[in-house]
Amino acid sequence: MSFIDELNERQRDAAETLTGPLLIVAGAGSGKTRTLTYRIAKLISMGIVQPWQILAVTFTNKAANEMKTRVEELIKANFDELGDRNRPVIGTFHSVCLRILRKHSERVGREKSFVVYDTLDSESLIKRIIKELNIEDEKIKVRVVKGMISKSKNNLVSAERFSNHRTSHFEKQVAEIFTAYEKRLKENNALDFDDLLVYTVNLFKENPDVLEEYHERWKYINVDEYQDTNHVQYTLTKLLANKYRNLCVIGDSDQSIYNFRGADISNILDFEKDYPDAKVIKLEQNYRSTQTILDAADSIIDKNKNRPKKQMWTEQNGGDLIEVIHARSEREEAEFVAKEIESLMGDSGVALNDIVVLYRTNAQSRIVEEGFLKYGIPYKVIGGVRFYARKEIKDLLAYLRIIHNPYDTDSLLRIINTPTRRIGQTTIHKLQSFALSRSLSLSEVLNHVEMVDEINQKTKDSLSNFWNMFIKWREDTMTIPISEMIKKIVSDIGYRSYLCDGTEEGEMRYENVQELVSVATKYDGLEPVMSLVSFLEEVALVADTDSIKDEESLVTLMTLHSVKGLEYPYVFIVGCEENIFPHSRSLYDQEQMEEERRLMYVGVTRAMKKLYLLAAKQRMIYGDYQSNQPSRFIYDIPDNLLNSKLKTQNSSFVQSFDSNYEKVSLDVDEIGFNDGDKVCHRTFGDGVVVERRGGLVTVAFQDKIYGIKKFAANIAPLEKV
């Protein structure tokens with residue numbers, strides 16, 4: 001039997017359509033990645049193309065790695081194993097473009113050692129430029145400016161073109177910052193995240209010979225999640241495919257939810273206009289959810305007018321009805337979620353990592369977290385402060401970037417006085433002025449700091465010692481792998497003592513540094529110089545959801561935007577109310593309302609076994625109480641799919657709180673817990689208070705299964721024994 005026979009009829013048709021333009025409309029849970037990987041394997045098995053002439057691009061590292069793994073497993077099981085240099089190229093848009101630009105950096109005005117600035121690096125640079133330009137307009141917010149620059153770049157609008165079409169004072173100021181920002185990036189031998197795509201498009205447009213090289217290199221192109229592409233990604237794809245036209249795009253317009261990031265749904269809706277001879281295949285069989293969940297999802301999305309019709313179906317007929325809970329307040333909503341999870345764990349033996357709680361905005365997570373703390377339910381929030389965004393991590397990455405690229409002035413400014421070296425802003429200003437007046441980089445000035453007469457000898461000595469460390473570290477990168485390099489930097493600059501200031505927070509910061517070393521060890525097998533380069537590149541491409549580990553026994557909390565591409569047996573969607581979800585800004589905008597409906601469709605179709613939709617009659621959000629009707633999306637679902645007992649205006653099934661609940665203090669003494677107190681928890685049993693600190697109580701439980709746990713003292717279900 002051929003490996004292709006493992007696919008269903010529609011999937012097989014897609015996998016065997018190898019030439020010409022192809023649009024695969026893949027509904028939620030329809031085996032999209034499976035189909036794409038089998039198609040790549042089929043191309044290889046036919047022998048009509050070399051494996052390295054196949055390109056597959058997607059949006060996240062996690063998706064790209066999953067596709068790589070599946071392709072390699074499929075090839076191993078059915079064909080001779082491919083050599084390292086003879087494999088399909090599978091990666092994100094940004095990683096593929098980074099690869100191209102490394103090879104052709106001189107064509108785009110960068111040295112080969114250029115660094116990639118992530119969002120925080122870019123914002124830091126913009127903040128510095130605003131200060132240097134003496135702009136004090138309150139409207140000029142760093143993130144707003146960064147967003148406008150990013151949007152322009154993703155629409156292939158240069159700083160010069162942006163400046164030519166500005167009329168208001170605000171826009172002219174942004175244009176001035178944009179122009180200075182581009183100049184500084186070039187001076188720093190850096191590109192930002194958006195530049196990776198923009199510079200690749202410009203490279204192809206301005207250098208036909210380079211474009212021809214990649215036409216011959218990648219004759220067969222596959223694009224995953226095509227509904228999420230923006231203008232620059234669309235242009236890049238079209239340029240690469242315009243010779244051989246062997247372009248396969250796969251996606252679902254019903255799951256296009258990133259308009260705010262620049263995603264253009266018309267790219268997938270108009271694919272047949274771009275390629276009139278395209279073949280269109282719909283994947284409508286779902287392998288994830290029950291028919292009840294699919295019918296509910298279809299009833300919600302069917303209200304959207306701007307979509308190709310499809311009808312999802314599954315062999316999992318029936319399934320649990322959808323639970324709709326209308327609580328009195330957001331606290332009762334959180335209470336229900338926590339108690340229901342306890343019930344699922346106890347009665348059904350459900351694992352915590354099989355459960356996700358979804359919400360429209362990050363602000364909604366706080367109350368859910370309090371409910372989980374009260375019941376001692378371990379959880380993980382996706383989308384909070386990212387690991388690579390923490391100060392201590394950013395500091396060390398700045399050190400590594402300067403070692404790799406001494407021209408990275410902004411990274412240099414970040415750590416020139418971290419840890420403190422008594423190098424103040426006055427000294428830094430003198431150094432920058434000296435560099436500017438002589439057209440030197442800051443690193444070149446530090447390499448000859450004795451030339452700067454305006455600085456006293458003691459400060460010169462401090463700066464010389466600082467820069468001599470970098471000279472030695474650059475030599476060390478030739479022989480020392482990246483993980484050892486990080487350890488050496490930490491030791492040489494006394495970073496541990498700098499972080500560990502006697503507080504628990506300081507210890508946690510140093511634990512993050514240790515975790516960075518752990519992350520870096522996977523590059524130790526490479527040549528030392530390449531281990532540094534590869535590590536810095538992956539850090540720049542990391543995404544939030546890449547950090548989720550399937551083996552972690554935690555309930556996951558995240559926004560509906562973050563859950564795209566994931567699935568969970570049990571899904572809770574909280575805040576299903578008008579003005580919350582759908583969001584208030586969509587109520588008078590048809591396009592935005594359709595996107596909100598698609599967002600709900602994505603949330604519903606994450607559920608495999610059971611779905612809970614929750615609303616509150618009254619909710620405290622952004623500091624104010626709101627009273628809203630249940631979401632229109634709930635009323636779109638036919639009654640026969642809902643648990644009618646719970647679809648009620650009364651919340652008697654949810655335990656009420658006493659009148660003092662809102663007023664409890666975080667003061668441990670007022671609550672009455674002390675070190676050594678014997679306590680009892682309704683789930684974990686008997687234990688002893690081993691520490692109280694601020695609003696937290698740490699309890700060691702007799703049952704070793706539960707061990708030591710921390711609770712918010714004001715809401716923990718603990719009783720003294």
Side-chain angles (χ1 to χ4, degrees), residues 22-33 35-36 57-60 62-63 92-93 150-151 154-155 197 222-238 247-275 278 280-284 286 288 294 297-312 358 360-361 543-545 558-567 573 581-583 585-586 589-606 633 636:
L22 171 65
L23 168 61
I24 305 173
V25 180
S30 62
K32 173 173 62 68
T33 304
T35 302
L36 203 52
V57 290
T58 187
F59 280 82
T60 67
K62 186 174 183 180
T92 64
F93 273 101
S150 182
K151 184 177 180 180
N154 285 319
N155 285 315
L197 278 66
N222 305 271
V223 182
D224 192 14
E225 304 286 8
Y226 194 64
Q227 78 281 348
D228 293 333
T229 52
N230 58 26
H231 180 65
V232 67
Q233 290 160 340
Y234 163 83
T235 304
L236 177 65
T237 301
K238 203 166 183 181
L247 172 63
C248 168
V249 302
I250 188 166
D252 181 8
S253 59
D254 288 339
Q255 297 183 70
S256 178
I257 60 173
Y258 297 127
N259 178 262
F260 68 97
R261 293 183 188 169
D264 188 350
I265 192 174
S266 66
N267 291 345
I268 191 168
L269 293 175
D270 294 341
F271 186 79
E272 292 172 85
K273 292 181 182 178
D274 289 335
Y275 303 92
V280 181
I281 299 172
K282 294 182 180 180
L283 304 183
E284 296 173 298
N286 179 283
R288 175 188 298 156
L294 294 180
D298 280 339
S299 68
I300 293 168
I301 200 65
D302 192 54
K303 296 289 192 301
N304 275 3
K305 296 177 182 178
N306 189 25
R307 63 181 289 266
K309 298 291 183 182
K310 66 178 186 299
Q311 189 72 40
M312 299 301 296
L358 304 175
R360 178 63 180 81
T361 63
D544 274 351
T545 51
M558 68 171 85
T559 66
L560 284 135
H561 283 101
S562 297
V563 79
K564 178 108 175 339
L566 305 176
E567 60 183 32
I573 304 180
F581 190 29
H583 198 279
R585 63 173 169 259
S586 69
D589 187 312
Q590 182 61 33
E591 287 189 8
Q592 288 197 32
M593 181 58 74
E594 291 208 353
E595 178 135 342
E596 290 291 294
R597 199 174 287 280
R598 292 193 293 269
L599 190 57
M600 183 61 149
Y601 178 81
V602 166
V604 169
T605 55
R606 300 310 95 191
F633 304 146
D636 289 337

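Please read these numbers as outputs of a predicted model, since none were measured by experiment.
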Checking Gln311 against Asp298: is there a side-chain donor and acceptor pair closer than 3.5 Å? yes
Is it the case that over 12 heavy atoms from other parts of the model lie below 6.0 angstrom from the NZ atom of Lys151?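 It does not: Lys151 NZ has 12 such atoms or fewer within range.
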Neighbour count >12 (heavy atoms, 6.0 Å) for atom CD, Gln592: yes
Excluding sequence neighbours, so at least two apart, what forms side-chain hydrogen bond (donor to acceptor under 3.5 Å, both in side chains) with Asp274? Tyr234
Using modelled atom types and a 3.5 Å cut-off, is there a donor and acceptor pairing between side-chain atoms of [X] and backbone atoms of [Y]?
X	Y	result
Asp589	Glu591	yes
Arg598	Ser256	yes
Gln227	Asp252	yes
Glu596	His583	yes
Asn230	Asn154	no

Identify the two heavy atoms, one from [X] and one from [Y], that lie closest to each other, and give their separation to 0.1 Å.
X	Y	value
Lys32	Ile250	CG-CD1, 3.3 Å
Met312	Ser30	CE-CB, 4.3 Å
Asn267	Tyr226	O-CE2, 3.2 Å
Ala297	Val604	CB-CG1, 3.8 Å

Quick one: do Ser586 and Glu595 satisfy side chain to side chain contact (heavy atoms under 4.5 Å, CB included)? Show the steps, please. CA-CA 9 Å; Ser586 69; Glu595 178 135 342; over 6 Å; no
Spacing of [X] atom [atom1] and [Y] atom [atom2] [to the nearest 0.5 Å]:
X	Y	atom1	atom2	answer
Ile573	Arg360	CD1	CZ	12.0 Å
Ile24	Asn222	CD1	CG	8.0 Å
Thr92	Leu197	OG1	CG	8.5 Å
Leu283	Lys310	CG	NZ	10.0 Å
Asp264	Thr229	CG	OG1	7.0 Å
Ile265	Asp228	CD1	CG	9.5 Å

Could you pull out all residues at least two apart from Arg261 that satisfy side-chain contact (heavy atoms from CB on, under 4.5 Å)? Tyr258
Answer whether the closest heavy-atom distance between the side chains of [X] and [Y] falls below 4.5 Å.
X	Y	answer
Leu36	Cys248	yes
Ile268	Val249	no
Asp254	Pro308	no
Arg606	Lys564	no
Leu358	Phe581	no
Val223	Gln233	no
Thr237	Leu247	yes

Does the pair Asp302/Lys309 count as a salt bridge with the N-to-O cut at 4.0 Å?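 Answer for the salt bridge query: yes.
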Strictly below 4.0 Å, N to O, side chains only: are Arg597 and Glu594 in salt-bridge contact?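 No, this pair does not count.
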Quick one: ring-ring contact (aromatic ring centres under 6.0 Å, His included) partners of Phe59, sequence neighbours excluded?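 For Phe59, the residues satisfying ring-ring contact (aromatic ring centres under 6.0 Å, His included) (neighbours in sequence not counted) are Phe93.
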Start with the C-alpha distance between Leu599 and Phe633, add both sets of side-chain angles, then the distance that settles side chain to side chain contact (heavy atoms under 4.5 Å, CB included), and finish with yes or no. CA-CA 11 Å; Leu599 190 57; Phe633 304 146; over 6 Å; no
